[in-house]
Number of protein chains: 2
Amino acid sequence: MSATYRDIKADILGKITRGEWKPGSLIPSELELAEVYGAARATVNRAMRELAEEGIIERKRKSGSRVRLSPLRQARFDIPVIRHQIEEQGRAYRYALVRSEVIEAPDWLCARLSLPGGARVRHLTCLHFADGTPWLHEDRWINLTLLPRAEAADFSAMGPTEWLVTQIPFSAVEISISATAADATLAAHLDCAVGEPLLMTERLTHWDGQTVTYVRLVHRPGHRMTTRY
Amino acid sequence: MSATYRDIKADILGKITRGEWKPGSLIPSELELAEVYGAARATVNRAMRELAEEGIIERKRKSGSRVRLSPLRQARFDIPVIRHQIEEQGRAYRYALVRSEVIEAPDWLCARLSLPGGARVRHLTCLHFADGTPWLHEDRWINLTLLPRAEAADFSAMGPTEWLVTQIPFSAVEISISATAADATLAAHLDCAVGEPLLMTERLTHWDGQTVTYVRLVHRPGHRMTTRY
DNA sequence: GAGTGGTCTAGACCACGCC
DNA sequence: GCGTGGTCTAGACCACTCG
């Protein structure tokens, strides 16, 4: 009798995946579908809206809704808390602080963070292990002008990522993924050969228009980021 | 007077980013917020639902909604159509078919695609250029058992990706990102040194429970995937 | 049991975008 | 203009879950 928005969404998605409604073709209007399914228009609207958000259909006022030609626009990757990611695999997590210093930001960092020359930053190098083998190398820079508390904080037991989420309420983030070659330091820390290709994630965290912290995470050799949709 | 769900969402997000509502703390119920904002509960519900989808808050029946402790769960990356990605930069797109063959799937491919031994596949190697410089190397395998039309298709002018979207209505996809080292072939095609670290995207496309196609996209040296949220 | 979110309805008005 | 999606409302019932 009463179709839920999930039923309707699944049914429409079925018609698309089975090829009954082909890419580029027009889908009946919300009013028509509401009648077909015996539901309110708001219910049909929610089903269609979610399909649009997922990149399966395109909607335009007056012209109606169409099945998208290229079936997708975006992929979502989970950003795990490192400790959880490792523990979910049933492996033991261990954290180690390798190096900690307070310095004047080098030029490349000033450029990256839009900092004035001579700004002081805390620079940390940390390692994350899974069952004793290196999992992730973390190079973290914290802007002390914006977060002076970071100068005195103790990162020997708690990693900077975990500490930072307790300090910064919420923030705009820019994430970048690329490939890099292991230099001597990375090779030693990640237990791999110099020159080995490694997956690198960089994150810039903004707050109130300024950059609070920059982190460069280099994953163990062979690491993959995977997602389904 | 009348607050839209966008207004409400922005206002709540503001309270969270400004630290008025701290991570872990309880947010007023929908009913209370509806009164505060002078809106219907459905309107508040939509604002809160979207904040939950974006990983900003957590909701549970009876216990209510809380600001998440770790402010995020996922990042979205746009999956561009290569041609568009290049043309949006104001650069000229060019496609080239490097190699095409129909073969029995090698063992590693059978394993990856859950194919029976001896299954025939079409294997294509293509290059995508931006302003004449190599942008992306594409290694594509198409399961001919599921898509026999692919055997006769001509990929000299149209890339397999563009052709496939016209053939497969919609599909489940698995995406994987990793770092790889350039071998001699890749180095020649992408005009870089052997051993250079390169970002690789792999995609498995399923249809009706079976794998239709597998593609390995290797990006030009220094390529970054970037997103904000 | 009772509070909270999850969803549906019927109706309404608005905004965009073709014609 | 007018059709389509975008959103809001007021009210309702249900489902989960905590005490």
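Computed from a prediction, not measured in an experiment: that's the story for all the values here. Chain naming here is simple, since letters A, B, ... match the order of the sequence lines and numbering starts at 1 in each. Note that these values count all heavy atoms, side chains included, but never hydrogens, waters or copies made by symmetry.
- Salt bridge annotation for E32(A)-R41(A): absent, with no cationic side-chain nitrogen under 4.0 angstrom from a carboxylate oxygen.
- If N45(A) and K62(A) are placed on DNA chain D by their nearest nucleotide, the residue sitting closer to the 5' end is K62(A).
- Classification of the H123(A)-W141(A) ring pair by plane angle, with boundaries at 30° and 60°, yields parallel.
- A ring-centre distance under 6.0 Å is not found for F129(B) and Y93(B).
- Annotation: cation-pi geometry satisfied between R46(A) and Y5(A) (NZ/CZ under 6.0 angstrom from ring centroid, within 45° of ring axis).
- Within 6.0 Å of atom CD in E35(A), 12 or fewer heavy atoms from other residues, nucleotides or ligands are found, so the atom counts as exposed in its surroundings.
- Between the C1' atom of dG5(C) and the CG atom of L33(B) lies a distance of 12 Å, rounded to the nearest Å.
- Between K60(A) and R46(A), the residue anchored nearer the 5' end of DNA chain C, judged by the nucleotide with its closest heavy atom, is R46(A).
- Each end of the helix from dG1(C)-dC18(D) to dC18(C)-dG1(D) yields a helix axis from five base pairs, and these two axes differ in direction by 10° (to the nearest 10 degrees).
- A salt bridge is defined here as a Lys NZ or Arg NE, NH1 or NH2 lying under 4.0 Å from an Asp or Glu carboxylate O, and R66(B) with E58(B) fails to meet this definition.
- Protein chain A contacts DNA chain D over a range whose 5' and 3' limits, counting nucleotides with an atom under 4.0 angstrom from a non-hydrogen atom, are dG3(D) to dT7(D).
- For the pair R66(B) CZ and dG3(C) P, the interatomic distance rounds to 17 Å; values are reported in whole Å.
- Remark: P of dG3(C) and CD of E32(B) are 12 Å apart, rounded to the nearest angstrom.
- For I27(B) and dT4(C), the CD1 to P distance is 14 Å, given to the nearest whole Å.
- As a whole-Å value, the separation of E30(B) CD from dG5(C) C1' is 5 Å.
- A centroid separation of less than 6.0 Å is found between the aromatic rings of H223(B) and W135(B).
- Contact check on E202(B) versus R112(B) returns a salt bridge, with a Lys/Arg side-chain nitrogen under 4.0 Å from an Asp/Glu carboxylate oxygen.
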